[in-house]
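Values in this document were obtained by computation on a predicted structure and should not be read as measured data.
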Amino acid sequence: RGKGRWQEIDTMPELDFIIEAQLALVGADLQELSDPMLGVKDGRIVLIGPRDGQEPKAGVKVFRFPGCTVMPGLWNLHVHIQRRHLARSEGTTFRGGAAEVENQPPALKAIYAAVNAKAELNSGVTTIRDCSSGDHISMHLRRAVEAGMLSGPRVISCGMGIASTGGHETHMYKGAVEADGPDEVAKAVRNEIKLGADFIKLMASGGLGGFPDRESPRRVEMTDVELAAAISQAHARDRSVTAHAMGEASIRACINAGIDGIEHGVELTSELAAMMKQRNVYFVPTASGVSAVVERMRSAGKTQASEYLHEHVVQAQRRSIRTAMDSGVLIGAGTDTLGDIVREVVTFGELGMDRRDALKTATSNAALICRRGDRTGQLSPGFDADILVTGNSPLEDLNHLRRVAAVFIGGHIVVGDSAWKSERE
């Protein structure tokens, strides 16, 4: 990565552009590289190293970001993209807001999704993993983004989640497919894959949206044989499976059935964390989203329920995250409906994760979770040019992730002032 490497520029006039900055966070471990230059061609990073005072070949386009840090674009591993705007709508409870959105006609939900996708980009997110959207909205969004019809992050979609009759995401709107028994569940999995699901999402426990009258986070909502049927069918078709699982019993059932990931994981014991580590089960807590649900309940005057959930869900989940950290479980960053990706990463830091590891939850860890760690999620030669430029280094303060100067996806600048761009003649 010294001067000799950059002499290759003279023999590579076909470079699309070069990025210059004060600092780059490179590789899977986000190592600091001062005064960096990144060369991009056909949507991929092809050169990366210290500038060492060298100048690119005349005519090569350059994006200069003085004083800024270049790092991989962020990943949001748990969204419901059609209702992400509720995170920006202060005063709206999850229960009321989600039902209002999900009961709208599909065309309106698609518009919400498009607007929310752009908002994710503006926050520095270059890939989202949608964990269930009614009417398969996220699948349609994925096609629209891939076709270049609208600007948005890359979309990884499960289509619709799969729940038992009356289970999570089915009480007030059709947010999941209802299926009972191993045969129905297996068929539901096959159908989501037929429709284009990148992975499968199961609703293994109750949640917070219908608490306390309709559901409880400790309630197990899928049987062992249903979980096993879903996972075997997905794995047979090379799809990973994750599960909404909050209580200890549902987490244990999912791990024993061969699950790939746990979402939320409120009651994660040391024993369960050790099992997850041994079996390579990842963990996406969505702590910022969970705490936001409870905070809005409190603001709406639901004092008794919010106090209960604060103690038995929010605080319990934070203990679970520390337990997972201590056990070496692979952790990824996600927001759910009401959370915030920067708040999520900052929360990991507050719970004892060092800043570099906290950043990895939304970059290289996230790519591994989505089985794309060999081509994206880091700044390395041969990897996708999905890049976030921040005004200051987030290794100094994780909140610097909010200082978004520019965002690139696949080698195209999608957020940022065109004034950053220049050409050397």
Side-chain angles (χ1 to χ4, degrees), residues 28 75-78 129 131 156 158 161-162 168 199-207 217-224 226-228 230-232 234-235 239-290 312-336 344-345 347-349 351-354 357-358 360-373 377:
W75 294 53
N76 189 339
L77 289 177
H78 191 124
R129 173 174 168 263
C131 286
I156 300 171
C158 77
I162 298 168
H168 185 62
F199 68 102
I200 294 298
K201 165 79 176 296
L202 304 177
M203 306 300 186
S205 80
R218 286 180 172 167
R219 184 177 300 157
V220 177
E221 294 191 342
M222 296 188 78
T223 67
D224 293 348
E226 288 171 337
L227 292 169
I231 293 167
S232 67
H235 286 177
R239 299 300 195 278
S240 65
V241 186
T242 196
H244 167 107
M246 289 192 159
E248 179 181 350
S250 64
I251 297 170
R252 185 181 301 277
C254 288
I255 296 171
N256 286 335
I259 204 78
D260 298 291
I262 296 293
E263 313 291 313
H264 313 307
V266 170
E267 296 180 340
L268 188 60
T269 65
S270 296
E271 178 197 3
L272 292 175
M275 292 169 64
M276 290 174 69
K277 173 63 176 177
Q278 181 183 23
R279 303 183 191 189
N280 297 316
V281 179
Y282 62 78
F283 181 30
V284 181
T286 70
S288 62
V290 168
H312 295 283
V313 175
V314 174
Q315 294 303 317
Q317 187 191 52
R318 292 185 176 228
R319 291 191 292 271
S320 292
I321 295 170
R322 291 192 187 97
T323 298
M325 289 164 49
D326 292 342
S327 299
V329 173
L330 181 65
I331 298 176
T335 64
D336 211 336
E344 192 74 14
V345 174
T347 296
F348 293 145
L351 293 176
M353 201 179 280
D354 71 46
D357 285 340
K360 287 168 64 176
T361 67
T363 55
S364 55
N365 282 12
L368 288 174
I369 285 170
C370 293
R371 299 182 173 183
R372 302 187 183 194

Visitor: Within this structure, what is the CD1-CD1 distance for the pair Ile231 and Ile200, rounded to the nearest 0.5 Å?
Guide: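 The distance works out to 11.0 Å.
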
Visitor: Can you list the residues that meet the side-chain hydrogen bond (donor to acceptor under 3.5 Å, both in side chains) rule with Thr347, with sequence neighbours excluded?
Guide: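 side-chain hydrogen bond (donor to acceptor under 3.5 Å, both in side chains) check on Thr347 returns Arg343.
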
Visitor: What's the verdict on side-chain contact (heavy atoms from CB on, under 4.5 Å) for Leu227 and Thr223, showing C-alpha distance, side-chain angles and the deciding distance?
Guide: CA-CA 6 Å; Leu227 292 169; Thr223 67; over 6 Å; no

Visitor: Would you say the side chains of Glu344 and Thr335 form a donor-acceptor pair under 3.5 Å?
Guide: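 No pair is found: no donor N or O on one side chain lies under 3.5 Å from an acceptor on the other.
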
Visitor: If we ignore hydrogens and angles and just use 3.5 Å, is the side chain of Ser320 paired with the main-chain N or O of Ala316 as donor and acceptor?
Guide: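 Confirmed, Ser320 side chain pairs with Ala316 backbone.
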
Visitor: If you measure from OG1 on Thr323 to CE on Met276, what distance do you get to the nearest 0.5 Å?
Guide: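 Thr323 atom OG1 to Met276 atom CE measures 11.0 Å (nearest 0.5 Å).
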
Visitor: How would you list, by chain and number, every residue that makes a side-chain contact (heavy atoms from CB on, under 4.5 Å) with Arg252, sequence neighbours excluded?
Guide: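 Here the qualifying residues are Glu248, Asn256, Glu271, Leu272, Met275.
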
Visitor: I need the minimum non-hydrogen distance between Ile259 and Ala243, along with the two atoms involved.
Guide: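 Between these two residues, the closest heavy atoms are CD1-CB, 3.9 Å.
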
Visitor: Can you tell if the side chain of Ser240 reaches within under 4.5 Å of the side chain of Arg371, non-hydrogen atoms only?
Guide: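 Ser240 vs Arg371: side chains touch.
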
Visitor: Step by step, work out the side-chain contact (heavy atoms from CB on, under 4.5 Å) result for Ile331 and Met353.
Guide: CA-CA 11 Å; Ile331 298 176; Met353 201 179 280; 4.0 Å; yes

Visitor: Nearest 0.5 Å, please: how far is CG in Leu330 from CG in Asn365?
Guide: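 Rounded to the nearest 0.5 Å, the CG-CG separation comes out at 4.5 Å.
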
Visitor: Just jot down the side-chain hydrogen bond (donor to acceptor under 3.5 Å, both in side chains) partners of Lys201, sequence neighbours excluded, or say none.
Guide: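 Here no residue qualifies.
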
Visitor: Which heavy atom of Arg129 sits nearest a heavy atom of Leu77, and at what distance?
Guide: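 It is NH1-O, 2.5 Å.
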
Visitor: If you round to the nearest 0.5 Å, how far is CE of Met325 from CG of Asp354?
Guide: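 These two atoms lie 8.5 Å from each other.
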
Visitor: Which heavy-atom pair separates Ala333 from Val284 by the least distance, and what is that distance?
Guide: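 In terms of heavy atoms, the two residues are closest at C-CG1, 4.3 Å.
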
Visitor: Between Met246 and Arg218, is there a side-chain heavy-atom distance shorter than 4.5 Å?
Guide: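 Side-chain contact under 4.5 Å: no.
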
Visitor: Is His244 reaching over with its side chain to a backbone N or O of Gly206, donor-acceptor style, under 3.5 angstrom?
Guide: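 Between the backbone of Gly206 and the side chain of His244 there is a qualifying donor-acceptor contact (under 3.5 Å).
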
Visitor: For the residue pair Cys370 and Phe199, establish whether any side-chain heavy-atom pair is separated by less than 4.5 Å.
Guide: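 Not in contact.
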
Visitor: With sequence neighbours left out, write down each residue that passes ring-ring contact (aromatic ring centres under 6.0 Å, His included) with His78, or none if nothing qualifies.
Guide: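 Counting only residues at least two positions away or on another chain, His78 forms a ring-ring contact (aromatic ring centres under 6.0 Å, His included) with His80, His264.
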
Visitor: Do the side chain of Ser364 and the main chain of Ala28 share a donor and acceptor less than 3.5 angstrom apart?
Guide: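 Such a contact is found between Ser364 side chain and Ala28 backbone.
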
Visitor: Do any N or O atoms from the side chain of Asp260 and from the backbone of Val241 form a donor-acceptor pair under 3.5 angstrom?
Guide: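 Confirmed, Asp260 side chain pairs with Val241 backbone.
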
Visitor: For Gly349 and Ala358, work out which heavy atoms get closest and say how close.
Guide: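 The answer is N-CB, 4.3 Å.
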
Visitor: Rounded at 0.5 Å granularity, tell me how far OG1 in Thr269 sits from CZ in Arg319.
Guide: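 Taking OG1 in Thr269 and CZ in Arg319, the distance rounds to 12.5 Å.
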
Visitor: Donor-acceptor pair, Ser250 side chain versus Gly247 backbone, under 3.5 Å?
Guide: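 Yes; judged by distance alone, with no hydrogens or angles, the pair exists.
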
Visitor: Under the 3.5 angstrom rule, does the side chain of Gln317 hit a backbone N or O of Gly265 as a donor-acceptor pair?
Guide: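 No: the side chain of Gln317 does not pair with the backbone of Gly265.
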
Visitor: Taking the side chain from Arg239 and the backbone from Ala234, do they hold a donor-acceptor pair closer than 3.5 Å?
Guide: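 No, the answer is negative, given that no donor and acceptor are paired below the 3.5 Å cut-off.
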
Visitor: If the condition is ring-ring contact (aromatic ring centres under 6.0 Å, His included), which residues does His312 pass it with, not counting sequence neighbours?
Guide: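 His312 satisfies ring-ring contact (aromatic ring centres under 6.0 Å, His included) with Tyr308 only.
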
Visitor: Gly161 and Cys158: which non-hydrogen atoms are nearest, and at how many Å?
Guide: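 Where Gly161 meets Cys158 most closely, the heavy atoms are N-SG, 4.2 Å.
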
Visitor: Where do Ile162 and Met203 land on the side-chain contact (heavy atoms from CB on, under 4.5 Å) test, with the steps shown first?
Guide: CA-CA 6 Å; Ile162 298 168; Met203 306 300 186; over 6 Å; no

Visitor: Quick one: CD1 on Ile156 to CG on Asn76, what's the gap to the nearest 0.5 Å?
Guide: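 Between Ile156 CD1 and Asn76 CG, I get 11.0 Å after rounding to 0.5 Å.
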
Visitor: Please examine the side chains of Thr242 and Ile262, heavy atoms only from C-beta on, and report whether any two atoms are closer than 4.5 Å.
Guide: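 No, too far: nothing below the 4.5 Å cut-off.
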
Visitor: What heavy-atom pair brings Ala204 and Ala245 nearest, and what distance separates the two atoms?
Guide: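 Scanning both residues completely, I find the closest heavy atoms to be CB-CB, 4.4 Å.
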
Visitor: Are side-chain heavy atoms of Val290 and Asp336 found at a separation under 4.5 Å?
Guide: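 Val290 vs Asp336: side chains apart.
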
Visitor: Which ring pair (Phe, Tyr, Trp, His ring centres under 6.0 Å) pairs, counting each pair once, include a residue from residues 267-286, with sequence neighbours left out?
Guide: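 Applying ring pair (Phe, Tyr, Trp, His ring centres under 6.0 Å) to every pair that reaches into residues 267-286, excluding sequence neighbours, yields nothing.
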
Visitor: Could you check if a side-chain atom of Pro285 sits within less than 4.5 angstrom of a side-chain atom of Ile321, using non-hydrogen atoms only?
Guide: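 Touching, per the 4.5 Å side-chain cut-off.
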
